[in-house]
**Student:** 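Next up is a structure, given as structure tokens.
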Amino acid sequence: MKKVAKLSLFLLSLLLTTGCGNTKSNFSKKNKEKHSSSTLILGFSQIGAESAWRKRNTESIQQAAAKANIQLVFNDAQQKQANQIKAIRSFIVYRVDVIAFVPIVETGWDNVLKDAKEAKIPVIVVDRKIKVKDESLYAGYIGEDAMQEGTKAANFLLEKFKESEDPHINILEIRGTENSSVASERSLGFTNTIKENPRFSIIYSESGDFLRSRGREIVSNIISDNQGLNINGSPIDIIYSHNDAMTLGVLETLASNNIPSENELTIVSIDGEQKAINALKDGRINCVVECNPNIGPLLMYLVKTIANRNTIPKESYIEESVFTENDDLSTIPPRGY
Ligand code: AHR
């Protein structure tokens with residue numbers, strides 16, 4: 001990369017990394033001088049910092065980029081698709097080698113990705129999927145299998161309730177961000193599987209936007225509208241929450257209303273944050289389906305592969321497991337998020 005382009009990138013980094021001390025240092029003058037002209041430059045747009053999971057996801061990408069000697073131009077989109085589109089356009093103008101982004105929602109990417117394709121900059125979609133008319137607009141997706149995560153959550157419940165004689169097993173579902181692929185797939189994988197047992201029904205479902213505050217709020221509203229943890233007189237037996245942040249908010253509300261989550265209520269969550277694992281150990285959560293945020297090393301491998309003009313798989317999934325009340329939880333190593 002020519003000197004002049006590098007200087008432009010330095011300016012771009014100043015524009016895009018406001019408020020992100022760690023990443024700014026990637027583009028400090030000192031570091032810039034250290035990079036050789038062959039250093040790969042990755043423009044990466046993250047959706048924000050809505051959960052401990054997301055913060056770990058960012059860290060994993062930053063650490064892996066540093067280790068792989070890939071220069072990262074990081075953008076925090078503050079939960080706005082418009083900011084992501086703007087960042088991707090800047091990456092194109094400044095001719096980074098590869099673009100990667102976590103799409104906050106599934107649709108609305110066609111035009112900006114057409115521009116990237118015309119500029120011959122390959123794009124990797126990270127953590128959430130996109131729907132585009134022309135699949136050649138991006139090279140590949142890397143992240144979790146959210147459909148499987150929903151399926152795993154449902155399988156735990158099918159097994160747990162297989163002996164139950166209760167004719168109505170009522171579920172409250174707290175969904176992630178509307179129109180995001182993870183929320184749609186976690187719902188779909190779950191509902192497709194849970195219908196194996198017709199006694200299960202989702203009696204209420206609402207989006208909590210993956211936020212702890214919304215988990216708190218949704219359950220508070222149910223309790224105050226229905227004077228207890230029920231919907232129009234039907235008791236809630238199960239809470240299926242699409243992420244740990246919302247689940248932790250739910251637990252706070254239950255505790256402040258003196259509603260014990262142990263015994264009567266079954267709670268299934270997704271992510272595997274340390275605090276959720278602690279709650280699983282205490283019996284306040286029954287199952288945590290892991291969503292693995294440690295995508296960085298595999299992403300950097302794909303970045304290098306594609307920058308060397310080799311193709312990458314259209315879909316690469318990261319390994320994930322499930323933690324349940326039936327496991328020996330003492331062996332789980334510290335989660336790091
Ligand atoms: O896209 C992954 C989801 O986004 C994680 O489950 C959640 O914690 C995050 O906010």
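Numbers for residues simply follow the sequence, beginning at 1. The figures here come from the full heavy-atom set of this structure, side chains too, leaving out hydrogens, waters and symmetry mates. Both ligands and their constituent atoms are indexed starting at 1 by order of listing.
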**Student:** Tell me if the NZ atom of Lys67 is crowded by more than 12 foreign heavy atoms within 6.0 Å.
**Tutor:** no
**Student:** Both conditions, 6.0 Å and 45 degrees, for the charged tip of Lys314 above the ring of Tyr138: are they met here?
**Tutor:** yes
**Student:** Which of the atoms in ligand 1, numbered in the order shown and given with their element, are less than 4.0 Å from a heavy-atom of Glu50?
**Tutor:** 4 (O), 9 (C), 10 (O)
**Student:** Do Trp53 and ligand 1 have an N or O pair less than 3.5 Å apart?
**Tutor:** no
**Student:** N/O of His242 under 3.5 Å from N/O of ligand 1, yes or no?
**Tutor:** no
**Student:** Suppose I only count heavy atoms of Val182 and a 4.0 Å limit; which atoms of ligand 1 are within that range?
**Tutor:** 1 (O)
**Student:** Does Glu144 reach ligand 1, in the sense of a heavy atom lying below 4.0 Å from it?
**Tutor:** yes
**Student:** Who's the nearest protein heavy-atom neighbour of atom 5 (C) of ligand 1, and how far?
**Tutor:** Asp271 OD1, 3.4 Å
**Student:** So is Asp127 in contact with ligand 1, going by heavy-atom distances below 4.0 Å?
**Tutor:** yes
**Student:** What is the closest protein heavy atom to atom 7 (C) of ligand 1, and at what distance does it sit?
**Tutor:** Asn243 ND2, 3.4 Å
**Student:** For the residue pair Arg128 and Val182, what are the closest heavy atoms and their distance?
**Tutor:** NE-CG2, 3.5 Å
**Student:** Atom OG in Ser321, atom CD in Glu290: separation rounded to 0.5 Å?
**Tutor:** 4.5 Å
**Student:** How close do Glu273 and Asp244 get, counting heavy atoms only, and between which atoms?
**Tutor:** N-OD2, 2.7 Å
**Student:** Backbone, side chain, both or neither: what part of Arg186 comes under 4.0 angstrom of ligand 1, heavy atoms only?
**Tutor:** side chain
**Student:** Shortest non-hydrogen contact from Leu172 to Val219?
**Tutor:** CD2-CG2, 4.3 Å
**Student:** Anything under 30° is parallel, anything over 60° is perpendicular, the rest tilted; go ahead and classify Phe161 against Phe200.
**Tutor:** perpendicular
